[in-house]
Structure formats: structure tokens, C-alpha cells
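Structure record follows, encoded as C-alpha cells.
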Protein chains: 2
Amino acid sequence: MGTEPGLRERKKLQRRAAIEAAALDLFEEHGFDGTTTEQIAARADIAPRTFFSYFATKEDVVLADYAQRLDRIVEELARRPAGESPWDALRASLLVVASDYEDERSALMRRFRIMTTNPSVFARSLALQAGWEDTLSSVISGRIDTDGEQGGMLARLLAASALAAMRSAIRHWVTSGHRDPLPKLVTTCFDQLARGLADVP
Amino acid sequence: MGTEPGLRERKKLQRRAAIEAAALDLFEEHGFDGTTTEQIAARADIAPRTFFSYFATKEDVVLADYAQRLDRIVEELARRPAGESPWDALRASLLVVASDYEDERSALMRRFRIMTTNPSVFARSLALQAGWEDTLSSVISGRIDTDGEQGGMLARLLAASALAAMRSAIRHWVTSGHRDPLPKLVTTCFDQLARGLADVP
DNA sequence: TCAAAACATGCAGTGACTGCAATATTGCGT
DNA sequence: ACGCAATATTGCAGTCACTGCATGTTTTGA
């Protein structure tokens, strides 16, 4: 059970990291479209064919961190006290990721820049976020106290709104040159949604 | 200025429609991945190369209606009285599209079915919706009465939340077998967000 | 030390998509 | 009605992401 990861596992992680590093460098040098998977493979010292046993698509390399982020959110969500309202639980969980983002700002910005300048990467990013929405929605529906048949819709609305808040905050954070710390912006958005959107003049 | 569309324009529309019809049929017969652009071209009686002067990608054929939907929303948004709150204006505008959806239910479901079973179509759909968000956000920021530098973030939050409401409602509409009419579900979601998410138990 | 499982690699192929040059069609002034 | 200019369609050749399969290599656990 609790055995150390073997040589095989370690090599796999190393390789994955090597591919990622090689790819990001090349994307910055020659652009996303200007880089072929062969070039990435060459720089990472692997066979061209091997690239695709580590990443399903070229786009996925840019978004390699999304899976762990989601894990982190779900983990945090599970840690929240049972009495807490779904919205507060979501806020707290996403704030954790927000401060991760703040800490890894420069590394993140590399990926953002590639993402925002390339439609296919951007599209893939949205698809992954939709996956987040599905997951959060089903986790939240366990915390929701509604017996009606529309509980599913409500759960999804909560998850979708939370991610909308997060994305709006991130967008402002990035376009305003990080004037305010991300967690503060995220809090502002969550507060607005908690209070309701009717009062926006 | 107000001249009739010439032969050229009419033929273009006809062809576009022919390609769309051919493609949707084929997608249903052999699946999206199981259909090539050549097959579509063959059935639409055009050269393979010509397909790509009508649609940028194979995915776009499934989502051909998105552009007009957005036009419709923006148009409706412009028609809303100046005194109305941004949120109510968004609600009214999206409700128009919601009843369009309700009316075109069966035609829509064809597209939905293809969209939800194919990751790349789904991803493209999200990208187009992100475009909606951009547009709505900038239109709404004109209606927002906030001088602060965070007005942009607020505008985006409104647009993103409105679309989140719409998507949540649509999802429920589809997965629950259209038990309730879409406009009613959309209203429910908008009401919840107007009132605030803090009160969800 | 050895057999089996897991993995990397090479090869050959498919199909979306592009640029370019040639050809056809339509619009319009005369 | 004619012919020129603008605009579309078409064919061709090419690039590249991605896949299945067969083969060789490394790692593991007994």
C-alpha cells in the first residue's frame, strides 16, 4: 500500500515534466502553432510517438495543471464544516486556489499568455472548466438541502456561478496588471453574488 | 443601399444551408468523427475544398446558429429601456432566446446531441459562448452606473452569471426531458441570482 | 535470474486544414 | 448584348495532429 513510488513512476513524472518544460519554452519561442509535437519530442529527448502517451493533445500540455487544481478544490470542499452554506463552502474552496494562483503568478502567466492567444487552447481550457463545473455541481448537490426535483439545477447554478465569479476575477486580475491581489477580487465577486445581482445600478 | 440581395448572395445562403443539412444528416448517420468533410461536400454537391470557404472547421457546422443568436440578444438588449437595471435587461434579453429555443426544440436537440457526445464540438461551443460573454460584458458596461475601476469586472460578472443561469437552465431542461418550459427555468435561475446565493440552504 | 507486465519506439496511415494557381461565375458599365 | 472586373469555386500538393499496431526495451516481483 504505502510503498514508495518505484523507478517507473519516478521516470514517468520526470518525463512528463520534461515534455511540459520543453513545450512551454518552444511555445514562447515560436508560438503555439509554430511548434510541432515533433519539435517538442526532440527537445524533451523522447520519440515523437511517445508524446501522445503523456498528453492526449498538444493543447493539454499548456493546461497540465488543471486536474490537480480541481483535486485541490474538491479536497478543500470536503474539509468544510457540514453546517456551512453551499455558497460559503464554494467561496472558501475557490479562495484556496486563488491564493495558489497569486503565489504562482509568473508561472501561470506563461500559460495564460499562450492560452489567450490561441483559440484551440482557450477552447480546451473552457472544456476542462466545464468538467470542473460538473464535479463541483455533484459535490455541492450533496450539501444542498432541497428535496425538489430542481435541486440539480440549483446545484449546477451554484457551481457555474462560483466559477463565473472566479473567471471574472481572474480576468480583471490579469488585464489590470495585478493591481489587486486575486483573493481580494474573488471575494468581491463572491460577495456580489451572495448579496444578489438585483442591486447593481 | 436597400437593394435586394443579388443572385450571388442568394446562392451563397443556399449552399451554406445545403452544407449544413448534409452535415447534420451525416453526423446522425455515422457520428461526428465517422463523417469526413469530403463526405459532407459530396452530399452537398460541392468540391471538398469549398467546404472550408463556408465553415472554418467541421465543428462550426453544428454551431452555425450561434452568431445569429448573439445578434438577437444584443438587439434585444439595445431595445431595453435606459432606466432598467442591468440584470433585468439581461434577463429579458436572454428570455427571448429561451423562447426561441423552446420553439425550435427538436431542431436544437439534433445539434445538442452531437455537441454533447463530441468533446471538440463541445469545446468549440464553449469558446463561442465565451465570445458572447465578451460582447454582453461590453454592452452591459455601458448600462452600468459605476465609476470605479472595477466596473469592468462587475460588467463581466453580470454577463458571465447571466450565461451561467442560461446554461444551467438549459442543462436541466434537456436532462429532465423538457418537463418544464425553458423560459420558466431560466426565470427561476435569474430570480435566484437576483436574490443572492447566500440564502441557499 | 527469469517471466511477465508496462512502457517506449517505429511505421504506416487517416483526415482536417492551408496556400496557391487555375478556372468558372456573377455583377455592372457601356 | 458584350466584355471587363470582381468574386467564387475548384484542384493540387503539402503540413501536421493524432491513431493502431507490431516490435523492441526496461522494470518489476517472484
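Lettering follows sequence order; numbering is per chain, from 1.
In this entry the distance linking CD of B:Gln39 with C1' of C:dA16 reads 13 Å, nearest Å. Rounded to an integer number of Å, the gap from NZ of A:Lys58 to P of D:dA17 is 5 Å. To the nearest angstrom, C1' of C:dA8 lies 15 Å from CD of A:Gln14. Atoms CD1 (A:Ile19) and C1' (C:dT9) sit 13 Å apart, rounded to a whole Å. The CG atom of A:Asp33 sits 10 Å away from the P atom of C:dT18 (whole-angstrom rounding). Taking atom CD of A:Glu9 as the reference point, atom C1' of C:dC7 lies 11 Å away to the nearest angstrom. The separation between B:Leu26 atom CG and C:dG15 atom C1' is 15 Å, rounded to whole Å. One can place CD1 of B:Ile46 at 16 Å from C1' of C:dA24, the figure rounded to the nearest angstrom.
When each of C:dT26, C:dT9, D:dT10 is scored by its nearest atom to the side-chain atoms of A:Thr50, the top-ranked nucleotide is C:dT9. Counting only heavy atoms from C-beta on, B:Phe52 has its side chain closest to C:dC17 among D:dC16, C:dC17, D:dT10. Of the listed nucleotides (D:dT10, D:dT26, C:dA16), D:dT10 has the atom at the smallest distance from the side chain of B:Ala47. Closest to the side chain of A:Arg49, from the set C:dT9, D:dC18, D:dT9, is C:dT9.
The phosphate of C:dA16 (OP1 or OP2) has a side-chain N or O of B:Thr37 nearer than 4.0 angstrom. Taking 4.0 angstrom as the limit, B:Lys12 places a side-chain polar atom (N or O) nearer than this to OP1 or OP2 of D:dA8. Look at A:Tyr54 and you'll find a side-chain N or O under 4.0 angstrom from OP1 or OP2 of C:dA8. Within the 4.0 Å cut-off from OP1 or OP2 of D:dT9, at least one side-chain nitrogen or oxygen of B:Ser53 is found. Contact check, B:Lys11 against C:dT26: a side-chain N or O comes under 4.0 Å of OP1 or OP2.
A:Arg10 comes within 4.0 angstrom of no nucleic acid atom, judged by non-hydrogen atoms across all strands. Using a 4.0 Å heavy-atom criterion, one finds that B:Phe51 contacts no nucleic acid atom at all. At the heavy-atom level, B:Thr35 lies under 4.0 Å from the strands shown only through sugar-phosphate atoms.
Scanning both residues, B:Gln39 and B:Gly34, for their nearest heavy atoms gives OE1-O, 3.5 Å.
The closest donor-acceptor contact from the side chain of B:Lys12 to the backbone of B:Tyr54 lies at 3.5 Å or more, if one exists at all. Under a 3.5 Å cut-off, the side chain of B:Ser53 and the backbone N or O of B:Arg49 do not form any donor-acceptor pair.
Under the 30°/60° scheme for interplanar angles, the aromatic rings of A:Phe32 and A:Phe27 are found to be tilted.
Between A:Trp132 and A:Tyr66, the ring centre distance stays below 6.0 Å.
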